[in-house]
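Read through the structure below, which is laid out as structure tokens, and then see the notes.
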Amino acid sequence: GSTINLASTGSVTVNGTFNWNTAGGLNVPFTIASGAVANAAGGNAKVAAAAFTNNGTLNLGTITALQIGSVNFPTQTFTNNGTINESFAAATVQVSSGGGMGVKTFLNNSGGIINNTSTNTFSFTTVTVSNAGIFKGIGTYLFTTINPNTGSIQPGNSPGNLSTSPNTLGANTPSVQIEIIDGSGAGTGHDRLDMTGVTTLTNSTLTV
């Protein structure tokens, strides 16, 4: 329950397991190496106040907020090349720019997977998201800005229902992948993608 801030003139690379249970900030460039695991839980807000790169697995558990950026580090970027699993207890968990310093950047690169395993809302607030990887799972994704989105939107976990904001598609060029297993209905027999407002499918590729 304490607040702990990690600061240094160097950087940190996790090659094993990192358990992030307290509130506070990582004020150094931070990398989760391929094959390594970071677990962020404990119900406290987390602040990645310098460049953060995930090449392994990042598990976001019972935290109430994951803030990207702070007053002291206004230009950093979160880069995902691995897998981020979300199993939130809160109704809404957000990735935000934090500190009122303007929009930061969240890069989900090719090979990057964001997997929402809860029915709650994962909101990217005042953060510019660039997606060439995969957003998948259940619950809801909301984006202030997602551009470009050349990656994939995959509702469900074989199968399931997913909701997202209209700008996920719109002028972007994503692939929407829908799975059909049987006739038992949405969420069990087939995937369903809901929009929280009006959008266009003109530039999207639908794969069933």
Side-chain angles (χ1 to χ4, degrees), residues 11-18 20 26 29-41 46 48 50-61 63 65-69 75-88 93-97 103-118 120-158 160 162-165 167-170 172-179 191 193 203-205 207:
S11 60
V12 172
T13 299
V14 175
N15 291 301
T17 300
F18 173 66
W20 190 2
L26 302 176
F30 200 92
T31 300
I32 305 168
S34 177
V37 177
N39 301 305
K46 307 294 191 287
F52 193 111
T53 302
N54 175 43
N55 296 321
T57 300
L58 173 60
N59 297 312
L60 305 180
I63 59 176
L66 174 70
Q67 292 183 320
I68 304 304
T75 60
Q76 62 80 37
T77 297
F78 190 114
T79 303
N80 182 50
N81 301 309
T83 299
I84 299 178
N85 296 309
E86 301 127 5
S87 55
F88 305 132
V93 176
Q94 67 180 15
V95 173
S96 68
S97 59
V103 173
K104 311 305 186 299
T105 303
F106 185 102
L107 301 177
N108 189 41
N109 291 330
S110 178
I113 299 172
I114 316 293
N115 183 24
N116 194 355
T117 65
S118 76
N120 297 315
T121 298
F122 192 40
S123 178
F124 292 78
T125 305
T126 67
V127 172
T128 296
V129 177
S130 174
N131 178 45
I134 298 171
F135 278 88
K136 63 179 295 186
I138 56 179
T140 301
Y141 288 109
L142 297 178
F143 303 99
T144 297
T145 303
I146 178 167
N147 185 34
N149 181 13
T150 60
S152 176
I153 307 299
Q154 299 181 12
N157 290 295
S158 295
L162 181 68
S163 177
T164 189
S165 49
N167 58 356
T168 308
L169 305 182
N172 283 303
T173 58
S175 169
V176 178
Q177 298 189 19
I178 300 294
E179 180 182 17
D191 293 333
L193 179 63
N203 300 309
S204 302
T205 300
T207 301

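Because the structure is a prediction, the values reported are computed rather than measured.
- In this structure, CD1 in I134 is found 10.0 Å from CG in N115, a value given to the nearest 0.5 Å.
- With rounding to the nearest 0.5 angstrom, the OG1 atom of T205 is 12.0 Å from the CD1 atom of I153.
- Q154 CD to L193 CG: the interatomic distance, rounded to the nearest 0.5 Å, is 11.5 Å.
- Residues G156 and L162 come closest through the heavy atom pair N-CB, 4.5 Å.
- The closest side-chain heavy-atom distance from S87 to N59 is not below 4.5 Å.
- Proximity of V37 to I32: side-chain heavy atoms (C-beta onward) are nowhere separated by under 4.5 Å.
- When all heavy atoms of P155 and Q177 are compared, the closest pair comes out as CD-O, 3.2 Å.
- Under the 3.5 Å distance criterion, the side-chain polar atoms of N149 are matched with a main-chain donor or acceptor of T168.
- Donor-acceptor pairing under 3.5 Å is recorded for the side chains of N167 and S165.
- Atoms CG and OG1, on N15 and T31 in that order, are 9.5 Å from each other to the nearest 0.5 Å.
- Between the OG1 atom in T121 and the CG atom in N116 there is a gap of 8.0 Å [rounded to 0.5 Å].
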Go through it in stages, so that I can follow the logic: the residues are N203 and N172, the test is side chain to side chain contact (heavy atoms under 4.5 Å, CB included), and I'd like the CA-CA distance, side-chain angles, deciding distance and then a yes or no. CA-CA 6 Å; N203 300 309; N172 283 303; over 6 Å; no
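- A distance-only check finds a donor-acceptor pair linking the side chain of D191 to the backbone of G160 [under 3.5 Å].
- Ring planes of F30 and F52: parallel class, angle under 30° (limits at 30 and 60°).
- P29 and A50 get closest at one heavy-atom pair: N-CB, 3.6 Å.
- With rounding to the nearest 0.5 angstrom, the CD1 atom of I113 is 8.5 Å from the CG atom of N85.
- Between I84 and F122 there is no side-chain heavy-atom pair separated by less than 4.5 Å.
- Of the residues T128, T77, V129, the one that meets the side chain to side chain contact (heavy atoms under 4.5 Å, CB included) test with L107 is T77.
- Residues I114 and F106 form a side-chain contact, since some pair of their non-hydrogen atoms from C-beta on lies under 4.5 Å apart.
- Taking the six-membered ring wherever Trp is involved, the centroid distance between the rings of F135 and F143 falls below 6.0 Å.
- The minimum heavy-atom distance linking Y141 with K136 is given by the pair OH-O, 2.8 Å.
- Taking the side chain as every heavy atom from C-beta outward, P148 and S130 approach each other to under 4.5 Å.
- Checking each of N109, N131, T53, N108 against N80 for a side chain to side chain donor-acceptor pair (under 3.5 Å) leaves exactly one that passes, namely N108.
- Looking only at distances, no side-chain donor or acceptor of S110 sits under 3.5 Å from a matching main-chain atom of G133.
- Remark: the T125 side chain and the S123 side chain contain an N/O donor-acceptor pair separated by less than 3.5 Å.
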